[in-house]
Amino acid sequence: MQTLDLSMEEQRLLENTPVRIAGCRHESAVDGPGLRTTVFFQGCDFHCAGCHNETTHDKTRGKPVTAYAVYKEIYQSKLAKGVTFSGGEPFLQEQALFVLVKICKAKGRHIVIYTGHETEELLTLCSAEKAMLRREILKYTDMVITGRFVQKLKTFEKPFVGSSNQEIYELAVHNPWKE
């Protein structure tokens with residue numbers, strides 16, 4: 001296990017932030033560039049037909065834990081240099097997502113977030129307060145993969161996506177949410 005390398009303030013923030021997850025996968029090579037730990041958030045309102053994470057849809061299932069427990073799980077891998085937040089829909093738990101991306105990024109992790117939101121929806125189909133928090137999350141994120149899975153558009157041609165309508169944004173190169 002890698003050292004957690006947390007300040008007292010970071011540890012307290014992680015310990016006091018609840019999150020409901022479906023699980024984690026270590027050393028994945030399909031959820032973003034390089035080897036990474038993938039955290040599957042529990043809960044999704046999109047319910048895409050053919051979703052390969054259908055068990056993550058129900059918001060009442062999964063495991064309620066602290067962001068600290070998730071952070072410790074992320075650092076179980078000796079090989080993973082990145083972390084992917086998937087689901088379910090990570091943006092249903094913005095506060096936990098914010099805490100995790102901010103601290104993981106500060107510790108040098110490459111951050112990928114999968115969302116079923118379309119690019120133009122992410123900051124518009126929510127309250128102004130949530131939009132501000134989502135903007136903060138995006139400041140610490142390297143790559144966002146947007147769009148709902150569409151079974152008839154299923155593809156193996158594009159890396160890291162399930163259907164051809166989904167978009168990949170490397171935020172250092174192209175950030176559609178930049179102010």
Side-chain angles (χ1 to χ4, degrees), residues 5 9-10 13-14 17 19 21-22 24-25 27-46 48 51-53 56 67 70-71 74-75 77 80-150 153-179:
D5 190 31
E9 183 180 329
E10 289 169 331
L13 183 59
L14 287 164
T17 304
V19 60
I21 64 166
C24 294
R25 178 182 302 141
E27 296 158 12
S28 169
V30 297
D31 296 316
L35 289 179
R36 39 203 327 105
T37 298
T38 304
V39 177
F40 297 94
F41 278 60
Q42 186 69 38
C44 184
D45 292 335
F46 297 117
C48 301
C51 174
H52 75 279
N53 290 340
T56 66
V70 174
Y71 184 83
I74 289 167
Y75 283 83
S77 171
K81 300 298 182 211
V83 60
T84 296
F85 297 99
S86 189
E89 174 54 55
F91 283 101
L92 284 177
Q93 299 183 68
E94 285 105 342
Q95 190 59 48
L97 182 60
F98 171 68
V99 168
L100 286 163
V101 299
K102 182 178 181 182
I103 294 173
C104 287
K105 187 63 178 176
K107 305 306 179 192
R109 290 291 198 238
H110 181 273
I111 308 293
V112 173
I113 300 174
Y114 278 83
T115 178
H117 288 283
E118 302 298 334
T119 307
E120 61 280 355
E121 296 174 345
L122 188 60
L123 301 177
T124 59
L125 294 183
C126 60
S127 68
E129 182 180 309
K130 282 190 178 201
M132 283 179 39
L133 184 53
R134 289 177 178 188
R135 278 193 190 284
E136 285 298 308
I137 291 166
L138 293 169
K139 286 180 184 178
Y140 299 100
T141 303
D142 296 292
M143 180 183 285
V144 178
I145 300 168
T146 64
R148 294 181 238 331
F149 173 73
V150 178
L153 298 176
K154 188 172 185 172
T155 184
F156 296 103
E157 302 301 313
K158 254 172 116 171
F160 315 130
V161 301
S163 57
S164 61
N165 62 297
Q166 294 172 308
E167 296 294 332
I168 301 170
Y169 295 101
E170 291 187 53
L171 299 187
V173 176
H174 177 71
N175 185 342
W177 304 284
K178 196 167 187 162
E179 295 182 276

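Note: hydrogens, waters and symmetry copies are ignored here, and every other heavy atom, side chains too, is used.
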**Asked** So do the side chains of Tyr75 and Arg109 get within less than 4.5 Å of each other, counting heavy atoms only?
**Response** yes
**Request:** Could you walk me through whether Leu100 and Val39 pass the side chain to side chain contact (heavy atoms under 4.5 Å, CB included) test, one step at a time?
**Result:** CA-CA 10 Å; Leu100 286 163; Val39 177; 5.6 Å; no
**Prompt:** Mind checking whether Phe91 and Phe41 have side chains closer than 4.5 Å, heavy atoms only?
**Reply:** no
**Request:** Would you check if Thr146 and Leu122 make a side-chain contact, meaning some heavy-atom pair closer than 4.5 Å?
**Result:** no
**Asked** Rounded to the nearest 0.5 Å, how far apart are NE2 of His117 and CG of Asp45?
**Response** 8.0 Å
**Asked** Going by heavy atoms in the side chains, are Thr84 and Ser28 under 4.5 Å from each other?
**Response** no
Please tabulate, for side-chain N and O atoms in residues 158-165, each donor-acceptor pair with protein atoms closer than 3.5 Å (sequence neighbours left out).
unit_1: Lys158; atom_1: NZ; unit_2: Ser164; atom_2: O; d: 3.3
unit_1: Lys158; atom_1: NZ; unit_2: Gln166; atom_2: O; d: 2.4
unit_1: Ser163; atom_1: OG; unit_2: Val150; atom_2: N; d: 3.1
unit_1: Ser163; atom_1: OG; unit_2: Asn165; atom_2: OD1; d: 2.5
unit_1: Asn165; atom_1: ND2; unit_2: Arg148; atom_2: O; d: 2.9

**Asked** Does some side-chain heavy atom of Glu94 sit less than 4.5 Å from a side-chain heavy atom of Arg134?
**Response** yes
**Item:** Shortest non-hydrogen contact from Gln93 toward Gln42
**Value:** NE2-O, 3.1 Å
**Message:** Could you go through Tyr114 and Thr38, starting from their C-alpha distance and side-chain angles, then the distance that decides it, and tell me whether this counts as side chain to side chain contact (heavy atoms under 4.5 Å, CB included)?
**Reply:** CA-CA 10 Å; Tyr114 278 83; Thr38 304; over 6 Å; no
**Nearest-0.5 Å distance, CD1 of residue Ile111 to CD1 of residue Ile137** = 11.5 Å
**Which atom of Ser77 lies closest to which atom of Glu27, heavy atoms considered** = OG-OE2, 2.9 Å
**Prompt:** Under the side chain to side chain contact (heavy atoms under 4.5 Å, CB included) test, which residues partner His174, sequence neighbours left out?
**Reply:** Tyr169, Pro176
**Asked** Is Lys105 salt-bridged to Asp142, cutoff N-O under 4.0 Å?
**Response** yes
**Asked** Just how far is it from atom CG of Leu123 to atom SG of Cys126, taken to the nearest 0.5 Å?
**Response** 6.5 Å
**Request:** Look at the side chain of Lys107 and the backbone N and O of Asp5, then say whether any donor-acceptor pair between them is shorter than 3.5 Å.
**Result:** yes
**Item:** Reported CG-to-SG distance for the pair Leu14 and Cys104, which is rounded to 0.5 angstrom
**Value:** 8.0 Å
**Complete:** All heavy atoms of Asp31 vs all of Arg25, minimum pair found to be OD2-NH1, 3.5 Å
**Asked** For the side chain of Asn175 and the backbone of Lys178, is there at least one donor-acceptor N/O pair under 3.5 Å apart?
**Response** yes
**Asked** Looking at CG of Leu138 and CZ of Phe98, how far apart are the two atoms once the value is rounded to the nearest 0.5 Å?
**Response** 11.5 Å
**Nearest atoms (heavy-atom pairs only) where Pro90 meets Ser86** = CG-O, 3.3 Å
**Fill in**
Rounded to the nearest 0.5 Å, the NZ atom of Lys102 sits from the CD atom of Glu136 at a distance of 8.0 Å
**Asked** Quick one: does Leu171's side chain get under 4.5 Å of Trp177's, heavy atoms only?
**Response** yes
**Message:** For Pro33 versus Val112, what's the shortest heavy-atom pair and its separation?
**Reply:** CD-CG2, 4.2 Å
**Complete:** In terms of heavy-atom contacts, Gly88 and Cys44 come closest through CA-CB, 3.8 Å
**Request:** Report yes or no: do Thr115 and Glu89 form a side-chain donor-acceptor pair below 3.5 Å?
**Result:** yes
